[in-house]
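Data block below; observations after.
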Amino acid sequence: MAFNPFDLTGKVALVTGGNGGIGLGMAEGLAAAGASVAIWGQNPDKNAAAGETLRATGAEVLVSQVDVTSEDAIIAGIAGVLERFGRIDFCAANAGIGGGGPFHEQTTEAWRRVMTVNLDAVFWTFREVARHMLARAEAGDAGGSLLVTSSTSAIDGAPANEAYSSSKTAVLGLIRGLAVEYARYGIRANAVLPGWIRSDMTARLQAWDKFNDRVIGRVPLRRWGEREDFAGIAVYLASDASRFHTGDSIVIDGGYTIY
């Protein structure tokens, strides 16, 4: 049989925040490549729509309403995926929020909420998935892939949105540590750093002509990123094509950070 490194048949993928934007783009790519896909989201309507979209690929799909600000909810959510599919081969910790304003006016409550969703939830999710992957490795089934959605704000910073950029910088340190610690078990860990992407989070900016002229006009590819632009990286990092690729921070921004 010919080697097909991008074939995800038999693999199980979990995408948090998978009911829209980048997460849904990743989930669509994974499903189309043959994976069984579990997605988490908070909005019931978006969850239902995303489930229909993914099932149209013919994939087996699990959609769960999981509050990633709750450690207990994440633990239960992972248990639910394992109960349904028996394994997790790829986990994309993608759920995230923004939130900002003048730094000197930002509250501790707002800061901590961003950190809980963008950093603590990644820790809880990866910890639970790593426990499963380690147990599998000890049973003779080594391997697995972890992916976190960071941001180009980890490179450029984000004025008036320091909590967001701080959280997205922090997960890069987490990924590098995981990549080294778990390499002996065949478990890889990487980060993707999106630029300006169409999503609910950027809806206000999409409608702002000055922003489109000055910021999107500076993107060498001259457009907003779309969710579909993240299908390929998810499939690659979930597949055997990336089996020697770990500890990396992969920028997908249309060239914005180098221009």
Side-chain angles (χ1 to χ4, degrees), residues 8-99 113-114 116-118 120-122 124-126 128-129 132 145-149 151 192 194 197-207 224-235 237-238 252:
L8 301 183
T9 301
K11 292 186 181 292
V12 177
L14 166 63
V15 182
T16 75
N19 64 0
I22 290 170
L24 181 54
M26 289 180 176
E28 287 179 288
L30 295 162
S36 298
V37 179
I39 61 170
W40 293 354
Q42 278 282 75
N43 185 303
D45 293 335
K46 288 179 65 177
N47 283 358
E52 289 184 12
T53 296
L54 296 175
R55 292 187 183 98
T57 68
E60 188 174 359
V61 177
L62 173 65
V63 181
S64 302
Q65 189 170 349
V66 176
D67 178 5
V68 297
T69 67
S70 165
E71 180 178 6
D72 289 342
I74 286 175
I75 292 171
I78 297 294
V81 177
L82 293 175
E83 181 179 1
R84 172 70 176 272
F85 296 116
R87 62 188 293 127
I88 298 173
D89 299 284
F90 174 73
C91 177
N94 169 76
I97 59 171
R113 174 164 174 74
V114 172
T116 297
V117 175
N118 294 359
D120 294 348
V122 175
W124 294 325
T125 302
F126 281 168
E128 297 307 304
V129 173
H132 159 69
S145 178
L146 307 173
L147 174 65
V148 69
T149 300
S151 166
V192 62
I197 312 300
R198 290 190 193 276
S199 68
D200 291 345
M201 191 182 298
T202 60
R204 181 180 61 84
L205 296 175
Q206 293 171 43
W224 284 87
E226 305 289 349
R227 78 186 195 210
E228 294 84 359
D229 296 320
F230 294 85
I233 192 64
V235 172
L237 290 174
I252 299 180

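Predicted model only: the values in this text are computed from it and were never measured.
Taking CD of E71 as the reference point, atom CD of E128 lies at 7.5 Å (rounded to 0.5 Å). Atom CG in D72 sits 10.5 Å away from atom CG in D67 (nearest 0.5 Å). To the nearest 0.5 Å, the span separating CG on D200 from CD on Q206 amounts to 8.5 Å. To the nearest 0.5 Å, the span separating CD1 on I74 from OG1 on T125 amounts to 4.0 Å. A distance of 8.0 Å separates CG in D229 from CD1 in I252, rounded to the nearest 0.5 Å. Taking CG of L24 as the reference point, atom CG of N19 lies at 7.5 Å (rounded to 0.5 Å).
Residues V68 and W124 have side chains not in contact (no heavy-atom distance under 4.5 Å, counting atoms from C-beta outward). Contact check for I22 versus S199: no side-chain heavy atoms found under the 4.5 Å cut-off. Side-chain atoms of L30 and L8, non-hydrogen and from C-beta on, do get closer than 4.5 Å to each other. A 4.5 Å side-chain heavy-atom check between H132 and L82 finds at least one atom pair inside the cut-off. Side-chain contact between W224 and L205 is present, with at least one heavy-atom pair separated by less than 4.5 Å. When side chains are defined from C-beta on, C91 counts as touching L146, because their heavy atoms get closer than 4.5 Å.
Put simply, the side chain of S145 gets close to the backbone of L237: a donor and an acceptor are under 3.5 Å apart.
For A59 against A35, the heavy-atom pair with the smallest separation is CB-O, 3.6 Å. Taking all atoms of both residues into account, the shortest heavy-atom contact from G18 to A50 is O-CB, 4.2 Å. Closest non-hydrogen pair, N118 versus V122, comes out as O-CG2, 3.4 Å. The two residues N47 and Q42 make their nearest non-hydrogen contact at OD1-N, 4.2 Å. The heavy-atom pair separating D89 from R87 by the smallest distance is OD1-NH2, 2.8 Å. Shortest non-hydrogen contact noted between T16 and A95 is OG1-N, 3.0 Å.
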Would you please test L147 and F90 for side chain to side chain contact (heavy atoms under 4.5 Å, CB included) and show each step? CA-CA 8 Å; L147 174 65; F90 174 73; 3.8 Å; yes
Let me see the working for E226 and I197 under side chain to side chain contact (heavy atoms under 4.5 Å, CB included), right down to the final yes or no. CA-CA 6 Å; E226 305 289 349; I197 312 300; over 6 Å; no
From CA spacing to verdict: side chain to side chain contact (heavy atoms under 4.5 Å, CB included), I97, R113: CA-CA 9 Å; I97 59 171; R113 174 164 174 74; 3.7 Å; yes
Worked check of side chain to side chain contact (heavy atoms under 4.5 Å, CB included) between N94 and F230: CA-CA 11 Å; N94 169 76; F230 294 85; over 6 Å; no
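Among residue pairs with one or both ends in residues 49-65, those qualifying as side chain to side chain donor-acceptor pair (under 3.5 Å) are E60-R84; sequence neighbours excluded.
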